[in-house]
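What follows is a single structure, written as structure tokens, with notes after it.
What's counted below: heavy atoms across the whole structure, side chains too, no hydrogens, waters or symmetry copies.
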Amino acid sequence: MKPTSYRNNHDKTDPLTLFSRLYKEHLKASALELPGACCLSTAGLDGFPNARYVSLKEVKKEGLLITGSTSSIKGIEIESSNKVALTFWWPDIEYQVRIQGLASKIPGKLADRLFRERPLEARIVSLISRQSEEINYPESLEKELEAARINHEKKGVRRPENWGGYFVKPLRMEFLQFKSSRLHVRKFYQVHNNEWTFSFLQP
């Protein structure tokens, strides 16, 4: 799906371009240690929505890129239904961004590159952690981590098969710009018949 045109003329800005510009402004202004943090929501297998924070890695033409364990609960839920949502809260530039879209796995070569860019400790944890599984004694992971650290510090850490990422291809994007008057400006973009449509929403 490659939206290329608009059904009305109020705002012809491509929403991904707008997102990229605002995200750069946020990164410049933010004092947060993890400025790329965003809330990923998935459809739970039990009917309840599931939400957790993840880190936005890149914004590409294929969509917004996030990484993590593909065998975790979020990975299992995305496998069951790839309809997901991302929510961003940027108080430093007074914006909230809400995105609904479709998640698809990133290619293996891209996953390899992103995995190599992670700190060594994070790579080792990804190797030993069976994310979301129950554990009787969290302390047991400390011993496993130390053993893996000694084993892999010199020879490096290969990407586990269950570590990868997803492109989230937006189908709906809402940009809420906060105003002190409380008359917040809400720009809403939606794909319809392979076109981006645009409208303002009431605050």
Side-chain angles (χ1 to χ4, degrees), residues 1-4 6-7 11 13-27 30 32 34-107 110-111 114 131-132 162-178 184-203:
M1 185 172 289
K2 187 179 179 183
T4 56
Y6 288 81
R7 287 177 54 198
D11 194 326
T13 304
D14 176 77
L16 266 178
T17 300
L18 175 59
F19 179 91
S20 295
R21 177 174 64 77
L22 291 173
Y23 185 52
K24 287 176 183 176
E25 289 181 17
H26 159 66
L27 292 178
S30 178
L32 296 173
L34 298 172
C38 56
C39 183
L40 168 68
S41 300
T42 52
L45 301 183
D46 58 0
F48 283 93
N50 243 340
R52 78 287 287 161
Y53 279 90
V54 297
S55 182
L56 176 65
K57 299 302 180 186
E58 298 177 14
V59 182
K60 301 172 77 70
K61 63 180 181 180
E62 296 90 345
L64 283 72
L65 198 165
I66 58 174
T67 60
S69 170
T70 57
S71 61
S72 64
I73 288 176
K74 66 176 174 290
I76 293 169
E77 290 173 347
I78 290 173
E79 188 70 25
S80 174
S81 172
N82 69 336
K83 294 180 179 179
V84 302
L86 290 172
T87 307
F88 298 83
W89 167 240
W90 297 332
D92 39 77
I93 61 170
E94 299 187 312
Y95 264 91
Q96 173 186 268
V97 184
R98 299 169 60 212
I99 295 172
Q100 292 175 301
L102 303 178
S104 60
K105 283 186 179 178
I106 64 174
L110 178 55
L114 293 167
Q131 195 177 94
S132 302
N162 69 338
W163 192 95
Y166 300 92
F167 287 123
V168 176
K169 183 72 172 177
L171 298 179
R172 301 186 187 112
M173 301 182 73
E174 181 193 311
F175 299 84
L176 186 152
Q177 183 179 14
F178 289 89
H184 310 313
V185 178
R186 295 175 66 187
K187 292 182 176 182
F188 181 67
Y189 299 82
Q190 182 169 219
V191 173
H192 182 75
N193 291 335
N194 207 34
E195 295 180 344
W196 281 113
T197 65
F198 170 80
S199 60
F200 287 109
L201 303 180
Q202 294 254 9

(Q) ring pair (Phe, Tyr, Trp, His ring centres under 6.0 Å), that's the test. Do Phe198 and Trp196 meet it? Break it down for me. (A) CA-CA 7 Å; Phe198 170 80; Trp196 281 113; over 10 Å; no

Q: Under the side-chain contact (heavy atoms from CB on, under 4.5 Å) rule, what do Leu40 and Tyr166 come out as? Steps first, then yes or no, please.
A: CA-CA 11 Å; Leu40 168 68; Tyr166 300 92; over 6 Å; no

Q: For Glu79, look at atom CD and say whether over 12 heavy atoms of other residues, nucleotides or ligands are found less than 6.0 Å away.
A: no

Q.
With a 4.5 Å cut-off on side-chain heavy atoms, are Phe167 and Leu110 touching?
A. yes

Q: Using side-chain contact (heavy atoms from CB on, under 4.5 Å) as the criterion, point out the one residue from Val84, Leu45, Thr42 that pairs with Asn50.
A: Thr42

Q) Would you say Ser41's side chain and Ala51's backbone share a donor-acceptor pair under 3.5 angstrom? A) no

Q: Kindly compute the distance separating CG (Leu64) from NZ (Lys57), expressed to the nearest 0.5 Å.
A: 13.0 Å

Q. Distance from Ile76 atom CD1 to Ser69 atom OG, nearest 0.5 Å?
A. 8.5 Å

Q.
Let me confirm one number: the OG1-NE2 distance from Thr197 to His192, rounded to the nearest 0.5 Å.
A. 7.5 Å

Q | Glu174: salt bridge (charged side-chain N to carboxylate O under 4.0 Å, His left out) partners, not counting sequence neighbours | A | Arg98, Arg186

Q.
By the definition side-chain contact (heavy atoms from CB on, under 4.5 Å), identify the one residue from Leu18, Leu171, Leu16 that meets it with Tyr189.
A. Leu18

Q: Could you tell me the separation between the SG atom of Cys38 and the CD1 atom of Ile66, rounded to the nearest 0.5 Å?
A: 6.5 Å

(Q) Over 60° means perpendicular and under 30° means parallel, so tell me whether Trp90 and His26 are parallel, tilted or perpendicular. (A) parallel

Q. So Phe175 and Phe19, side-chain contact (heavy atoms from CB on, under 4.5 Å) or not? Walk me through it.
A. CA-CA 8 Å; Phe175 299 84; Phe19 179 91; 4.1 Å; yes

**Q.** 4.5 Å side-chain heavy-atom contact, Asn82 and Ser104
**A.** no

**Q.** Results of ring-ring contact (aromatic ring centres under 6.0 Å, His included) for Phe178 - residues two or more places apart only
**A.** Trp89, His184

Q. Can you check side-chain contact (heavy atoms from CB on, under 4.5 Å) on Tyr23 and Leu56, steps first, answer last?
A. CA-CA 10 Å; Tyr23 185 52; Leu56 176 65; 3.7 Å; yes

Q: Not counting sequence neighbours, which residues clear salt bridge (charged side-chain N to carboxylate O under 4.0 Å, His left out) with Arg172? List them please.
A: none

